[in-house]
2 protein chains.
Amino acid sequence: MTVTLADVAARAQVSPATVSRVLNGNYPVAASTRERVLKAVDELDYVLNGPASALAAATSDLVGILVNDIADPFFGIMASAIQAEIGGPGGRAGGERLAVVCNTGGSPERELTYLTLLQRQRAAAVVLTGGAIEDAAHQAAMDAKVRKLGEAGTRVVLCGRPPAPDTGAIALTFDNRGGGQELTEHLIGLGHRRLGYIAGPEERTTTRHRLEGHRAALAAHGIEEDPRWTVHGRYDRRSGYEATLELLRRDPSLTAVVAANDSVALGACAALRDSGLRIPEDVSVAGFDDLPFSIDAVPSLTTVRLPLAEAGARAGRIAMGREEAPPGGIASVRGELMVRGSSGVPRAS
Amino acid sequence: MTVTLADVAARAQVSPATVSRVLNGNYPVAASTRERVLKAVDELDYVLNGPASALAAATSDLVGILVNDIADPFFGIMASAIQAEIGGPGGRAGGERLAVVCNTGGSPERELTYLTLLQRQRAAAVVLTGGAIEDAAHQAAMDAKVRKLGEAGTRVVLCGRPPAPDTGAIALTFDNRGGGQELTEHLIGLGHRRLGYIAGPEERTTTRHRLEGHRAALAAHGIEEDPRWTVHGRYDRRSGYEATLELLRRDPSLTAVVAANDSVALGACAALRDSGLRIPEDVSVAGFDDLPFSIDAVPSLTTVRLPLAEAGARAGRIAMGREEAPPGGIASVRGELMVRGSSGVPRAS
DNA sequence: AGCGTTGCAGCAAGCGCTTTCTATATACGG
DNA sequence: CCGTATATAGAAAGCGCTTGCTGCAACGCT
């Protein structure tokens, strides 16, 4: 059998209670006793039984991080920052926590199931990252779950996700609308009047907000949008490639393509190049997020930098109760326009 | 208080044992009874207590995935594939498992601590991804942990990691040596004789194997390597940029730069461009891994494709006992040379 | 009719830990 | 010196679930 607390206690000639207290360090134990116990633990190579401990203490040291797509650096970067703050091992003092990231793959059911699993494990905290799915039923279900988690003592933090009112969850949202607007205004400022837009999946808050910002900019400058100028797709390169081809087919006179994110923008660049168009001389391209590879594109990508790591770190700290929640439980995180080589003045038409 | 099994039992007018059996579906229960129980579960919105269940059953539904850097798509892609197979929720039938990915950040201590945490949680399986750290003490500690996990019933699978003999762990290793050799041979075949090499961090198996492959190719063609041609760095773009500048400083006559991975190669491309050199006319560049963005580089990157997703999926299946382990518990996964625009014949010297 | 099967359900004993309460020993003030 | 704080250790009662075993009908066989 595996070594138990009792074995350690026997070896150290103390009661199990004392061993538990030494291990948790939440009760005075004489230095000499502590040493004896620690020695026994070491000698027996004892490893605490997590489930038993969680059961008895009615809390666990698990912290969940939900992401839509773990293969996407957008989420990878946030998850990494969150996890670093959760402490995981290697973090600083305090109870060691197992920060785990769960990949929902963008599926509503998975999202919910993971939340249940986390609830089942009596997670200490949960951080939900990325845009939410805009489906009334699903949102209601999510809100209910979140509320229940909160009631059970699990701290819930939303990072890069719109607030969920009345659920008690702290929200750190990205100002996707503002960023989208700023980006398109930059393009308009350069002289563009015919701008294609490659949006993300339809029922996502991120998609909608970025698109709204784009449209707000157009509206602010009296540019009437042609419905043909918007195409929806996934948040990946492939989708950007195809959507760009489609855009070009619909209206070859476009002088700029705004993409839902950097990966999509890269796909757009590839499609433009393959169509014999130069960037930015013939068509300007803009992305969103400013992921690490964006600067390496040729020409480098004009985009909106989102402070992914910073926001993640903050979310992690809040989840651990090491930083105060923002007033009202909601904070909006702004992006920063990064003007680079992929955007320029439009070609003479 | 939260709802417990007993509450459900009371409501369904059966014993707790019966409820447990309905939930686990591992014991015959009359259909009518089952329905009554399920109804009660639903009405009370009951969620199983994970720790209690794990304690009583002496196993948990946790599966750990250890990665070196979650923000790196190399790991993200593998993790994603593994997780998809583990089932997480959304997967197919069978007990639902919580697949969690743990980010070691490449730190030996974290790696060990996470393993302990997973052991503490009585994880059902653990998948270790990526290169191992070459430090005798650390390796011994890891091996001991892995062995212990195995003894405790946790299935351990190594994915893209060298085998750990006598630990009982199944290993799916990447043929980094072979891939590295093939890549360099391609360059030599094009006529290159002065090749710079940007290696990864010193004490990593992946770094060493790729470098060994490179050197084997040089040796096979009677090319004597100048020690100045090798620079070590991290596995990121920045490091590739700096290393390339250093390489150029040491020997401007180099006609090719082989990078430890694609990110590094991208950095190398940037450095070359910034130095006024054309790719591949002046200097050829090659990467490793074939991450999604590699094809988007301009020119697109010659590299060695590693079947990250496939290997991950297989590792996941093995971890779940849904696929047989390879004979001897070890399988080598080969990479595939992808010749693209970044490599060409060397310039006339 | 008698009796071994079979199919379902319940009993109850833990799983290994935490924690409240109690006990003992030492220290302190008067 | 004694009564009472003050440390420190132990006893024991669970935490909520699983599961081996027992119980009891209904069933089929000879």
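Fair warning: this is a prediction, and the values are worked out from it, not measured in the lab. Throughout, protein chains are lettered first and strands after them, A, B, ... in sequence-line order, and every chain is numbered starting at 1.
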Distances under 3.5 Å only, N/O to N/O: pair up the protein atoms with those of nucleotides 4-6 of chain C.
none

Identify each atom pair where a protein N or O and an N or O of nucleotides 20-27 of chain D are less than 3.5 Å apart, giving names and distance.
unit_1  : atom_1 : unit_2 : atom_2 : d
dG20(D) : O6     : R21(B) : NH1    : 3.1

Inset, instruction - In sequence, state the C-alpha distance, the side-chain angles, and the governing distance for D45(A) and K148(B), and then conclude on side-chain contact (heavy atoms from CB on, under 4.5 Å). - result: CA-CA 10 Å; D45(A) 217 356; K148(B) 214 157 279 166; 2.2 Å; yes

Inset, instruction - Test side-chain contact (heavy atoms from CB on, under 4.5 Å) on V41(B) and V22(B) and set out the steps. - result: CA-CA 10 Å; V41(B) 166; V22(B) 167; over 6 Å; no

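In this structure, the CG atom of L5(A) is 15 Å from the C1' atom of dA12(D), given to the nearest Å. To the nearest angstrom, P of dT18(D) lies 7 Å from CG of L23(B). Distance, E35(A) CD to dT8(D) C1': 16 Å, rounded to whole Å. With rounding to whole Å, L55(A) atom CG is found 9 Å from dC15(C) atom C1'. Rounding to whole angstrom units, CZ of residue R34(B) and C1' of dG7(C) are separated by 13 Å. Atom CD of Q121(A) is separated from atom P of dC17(D) by 13 Å (rounded to the nearest Å). The distance from atom CG of D61(B) to atom P of dC17(D) is 14 Å, rounded to the nearest whole Å.
Nearest to the side-chain atoms of T4(B) among the listed nucleotides dG16(D), dA9(C), dT19(C) stands dG16(D). You'll find that the side chain of A56(B) is closest to dC15(C), out of dC15(C), dT18(C), dA9(C). Looking at the side chain of L48(B), the nearest of the listed nucleotides dC17(D), dG10(C), dG16(C) is dC17(D). Listed nucleotides: dG10(D), dG16(C), dT8(D). Nearest to the side chain of Y46(A): dG16(C).
Residue N26(B) is in sugar-phosphate contact alone, with no base atom involved, counting any heavy-atom pair closer than 4.0 Å across all strands shown.
Considering only heavy atoms from C-beta on, R314(B) comes within 4.5 Å of P326(B) through its side chain. Contact check for L112(A) versus K145(A): side-chain heavy atoms found under the 4.5 Å cut-off. A heavy-atom distance below 4.5 Å is found between the side chains of L115(B) and L66(B). Side-chain atoms of R204(B) and N68(B), non-hydrogen and from C-beta on, do get closer than 4.5 Å to each other. Between T18(A) and Y27(A) the shortest side-chain heavy-atom distance does not fall below 4.5 Å. In this structure, the side chains of V101(B) and I82(B) stay at 4.5 Å or more apart for every pair of heavy atoms. With a 4.5 Å cut-off on side-chain heavy atoms, V29(B) and R34(B) count as touching. Between R317(A) and V157(A), the closest side-chain pair of non-hydrogen atoms is not below 4.5 Å.
Close to dA9(D), at under 4.0 Å from its OP1 or OP2, lies no side-chain N or O of T18(A). The side chain of S20(A) contributes no N or O atom lying less than 4.0 Å from OP1 or OP2 of dC17(C). Here N24(A) reaches the OP1 or OP2 of dT18(C): one of its side-chain N or O atoms lies under 4.0 Å away. Taking 4.0 angstrom as the limit, S53(B) places a side-chain polar atom (N or O) nearer than this to OP1 or OP2 of dT18(D).
Judged by closest nucleotide on DNA chain C, A30(B) is the one of A30(B) and A52(B) placed further toward the 5' end.
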